[in-house]
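Down below is the structure, laid out as structure tokens.
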Number of protein chains: 2
Amino acid sequence: MNWQDKLNKEGLRLTTPRRVVISVLEAAGVPLSPQTIHQRSLDADEEIGLVSVYRTLEMLTDLGLVRRVHGHEACLGYVLASPGHHHHLVCRSCSTAVEFSGMDDLSTLIDHIQEETGFLVDEHMLQFSGLCPQCRKRTPHHDQD
Amino acid sequence: MNWQDKLNKEGLRLTTPRRVVISVLEAAGVPLSPQTIHQRSLDADEEIGLVSVYRTLEMLTDLGLVRRVHGHEACLGYVLASPGHHHHLVCRSCSTAVEFSGMDDLSTLIDHIQEETGFLVDEHMLQFSGLCPQCRKRTPHHDQD
DNA sequence: TCCTTATTGAAAATAGTTTTCAATAAGAAA
DNA sequence: TTTCTTATTGAAAACTATTTTCAATAAGGA
Ligand SMILES: [Mn+2]
Ligand SMILES: [Mn+2]
Ligand SMILES: [Zn+2]
Ligand SMILES: [Zn+2]
């Protein structure tokens with residue numbers, strides 16, 4: 001299903017600002033902040049308002065089509081996300097972001113935590129960072145620690 | 001080692017604002033925002049500046065004595081942290097935060113991700129939320145889903 | 001007790017995000 | 001295609017969070 005249908009199905013309209021935000025995110029493939037998305041759309045001679053960037057990101061996040069990616073310190077930005085439960089792995093050198101599920105290993109961990117703490121665990125946030133294959137080549141090797 | 005020594009060891013001074021921030025965090029046991037910490041210190045008749053709260057939190061975070069806790073949407077706040085690598089589990093009802101390590105299960109997951117993606121994974125952020133034992137009792141039961 | 005300097009806090013500056021509201025344009029219907 | 005409804009836009013203002021500046025203060029070693 002294309003973007004037009006995805007939005008119309010929800011009674012939403014595929015407008016120029018929304019088209020532009022989506023295409024900037026598609027072209028980037030790395031997490032981008034609202035400001036950066038806005039700047040890149042201006043660079044592409046698409047004069048949309050920063051407010052619309054915020055509103056589009058919120059809307060797409062609600063639909064599960066975009067996801068926030070966080071670092072230890074702050075929110076790194078927004079990336080297009082495929083539907084369903086998964087997590088992101090971000091390269092600390094070039095910011096390339098890839099998705100993974102990791103369901104099986106995590107459920108083992110969650111079971112252990114529930115037993116140890118007595119908590120009922122129903123939500124989690126998990127993100128990894130490291131070096132992508134390309135950036136590993138450029139960086140001097142370290143032995144695994 | 002007490003707080004006095006922990007700070008002096010680094011050439012830092014244990015001042016009134018720092019003492020107050022620490023005692024508010026100790027009394028709370030749940031993640032608190034800078035604003036909340038400031039308000040609670042005023043409530044306790046300790047008139048410190050909000051700026052000092054920010055500066056103290058940054059300093060303690062750098063020393064690894066305090067940790068930021070995040071939700072999917074935003075930063076939930078700061079909690080005292082024991083030294084070393086671990087994660088937090090936060091109750092979505094009463095905000096109680098407990099620590100856990102989960103090293104073993106995670107390293108299995110990390111190995112899988114490294115094999116699948118070719119990334120070198122060297123950092124991660126993992127946080128769980130759910131219901132603590134007390135809050136489970138107060139809440140109508142749901143079967144595990 | 002003295003002295004050095006790390007630290008404080010009021011104020012201003014900066015940054016990020018949300019609200020408001022009249023004008024506009026998407027897309028369903030005719 | 002044209003019309004009509006209303007979801008959406010964007011400039012401006014409001015709001016909130018955080019950082020910087022700098023003269024005054026106080027921590028703690030000497
Ligand atoms: Mn998961
Ligand atoms: Mn870990
Ligand atoms: Zn990379
Ligand atoms: Zn609870």
Side-chain angles (χ1 to χ4, degrees), chain A residues 1-24 31-63 65-66 68-78, chain B residues 1-24 31-63 65-66 68-78:
Chain A
M1 203 182 343
N2 56 25
W3 290 100
Q4 179 84 248
D5 295 338
K6 280 179 192 167
L7 299 201
N8 290 355
K9 182 164 60 79
E10 308 286 334
L12 299 166
R13 296 172 183 180
L14 183 56
T15 62
T16 300
R18 289 171 180 174
R19 214 189 294 273
V20 172
V21 168
I22 291 169
S23 93
V24 167
L32 299 178
S33 69
Q35 279 76 14
T36 303
I37 293 171
H38 185 233
Q39 188 53 56
R40 294 201 184 181
S41 60
L42 297 184
D43 293 347
D45 281 315
E46 299 279 7
E47 305 243 326
I48 66 175
L50 176 58
V51 207
S52 294
V53 176
Y54 277 102
R55 287 190 281 224
T56 299
L57 291 173
E58 186 186 18
M59 181 214 82
L60 292 174
T61 302
D62 288 346
L63 296 181
L65 302 173
V66 153
R68 281 180 101 122
V69 176
H70 299 266
H72 279 283
E73 297 313 311
C75 178
L76 297 176
Y78 295 81
Chain B
M1 203 184 340
N2 54 27
W3 289 100
Q4 180 83 248
D5 296 337
K6 280 180 192 164
L7 298 200
N8 290 353
K9 182 163 59 80
E10 308 284 335
L12 300 165
R13 296 171 183 181
L14 183 57
T15 63
T16 299
R18 288 172 181 175
R19 213 190 294 273
V20 171
V21 168
I22 291 168
S23 93
V24 167
L32 298 178
S33 69
Q35 279 75 14
T36 303
I37 294 171
H38 184 234
Q39 188 52 58
R40 294 200 183 181
S41 60
L42 297 185
D43 292 347
D45 281 314
E46 298 281 5
E47 306 242 327
I48 66 176
L50 175 58
V51 206
S52 294
V53 175
Y54 276 102
R55 287 191 282 225
T56 299
L57 290 173
E58 186 185 18
M59 182 215 81
L60 292 173
T61 301
D62 288 345
L63 295 181
L65 303 173
V66 153
R68 280 178 101 123
V69 177
H70 300 267
H72 279 283
E73 297 313 311
C75 177
L76 298 176
Y78 295 81

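Being a predicted model, the structure only gives us computed values, none of them experimental.
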(message) Could you work out how much the helix from C:dT1-D:dA30 to C:dA30-D:dT1 bends, comparing the axis of its first five pairs with that of its last five, to 10°?
(response) 40°
(message) In the structure I gave you, are the side-chain heavy atoms of B:Leu12 and B:Leu63 within less than 4.5 Å of one another anywhere?
(response) yes
(request) Report yes if some heavy atom in the side chain of A:Tyr54 is under 4.5 Å from a heavy atom in the side chain of A:Gln35; otherwise report no. (result) yes
(message) If we ignore hydrogens and angles and just use 3.5 Å, is the side chain of B:Arg18 paired with the main-chain N or O of B:Arg13 as donor and acceptor?
(response) yes
(message) Between B:Asn8 (side chain only) and B:Gly11 (backbone N and O only), is there a donor and an acceptor less than 3.5 Å apart?
(response) no
Side chain to side chain donor-acceptor pair (under 3.5 Å) partners for [X], two or more places apart:
{"X": "B:Thr61", "result": "none"}
{"X": "B:Thr16", "result": "none"}
{"X": "A:Ser23", "result": "none"}

(message) Can you give me the closest heavy-atom contact between A:Leu50 and A:Pro34, atom names plus distance?
(response) CD1-O, 3.9 Å
(request) Mind listing the closest non-hydrogen atom pair of A:Lys6 and A:Lys9 along with its distance? (result) O-CB, 3.8 Å
(request) Please figure out whether B:Gln4 or A:Thr56 has its closest DNA chain D nucleotide nearer the 5' end. (result) A:Thr56
(request) Give me the residues of residues 6-13 of chain A where at least one heavy atom lies under 4.0 Å from an atom of DNA chain C, by number, or none. (result) A:Asn8, A:Arg13
Go through the structure and list residues passing side chain to side chain contact (heavy atoms under 4.5 Å, CB included) with [X], not counting sequence neighbours.
{"X": "A:Asp45", "answer": "none"}
{"X": "B:Leu42", "answer": "B:His38, B:Gln39"}
{"X": "A:Arg68", "answer": "A:His70, A:Cys75, A:Tyr78, B:Glu73"}
{"X": "A:Glu58", "answer": "A:Asp62"}

(message) Please identify the 5'-most and 3'-most nucleotides of DNA chain D with any atom under 4.0 angstrom from a heavy atom of chain B.
(response) D:dA17 to D:dG28
(request) Under 4.0 Å from any atom of DNA chain D, heavy atoms only: list the residues of residues 31-39 of chain A that qualify, in numerical order. (result) none
(message) Please give me every residue in residues 41-49 of chain A whose heavy atoms get under 4.0 Å of an atom in DNA chain D, ordered by residue number.
(response) A:Glu47, A:Ile48, A:Gly49
(message) Counting the atoms with a prime plus P, OP1 and OP2 as sugar-phosphate, which does B:Arg18 contact under 4.0 Å by heavy atoms, base, sugar-phosphate, or nothing?
(response) sugar-phosphate
(message) Using 0.5 Å steps for rounding, measure from the OG1 atom of A:Thr15 to the CG atom of A:Leu7.
(response) 8.5 Å
(request) Applying side chain to side chain contact (heavy atoms under 4.5 Å, CB included) between A:Ser41 and each of A:Thr36, A:Ile48, A:Val21, report the one that passes. (result) A:Ile48
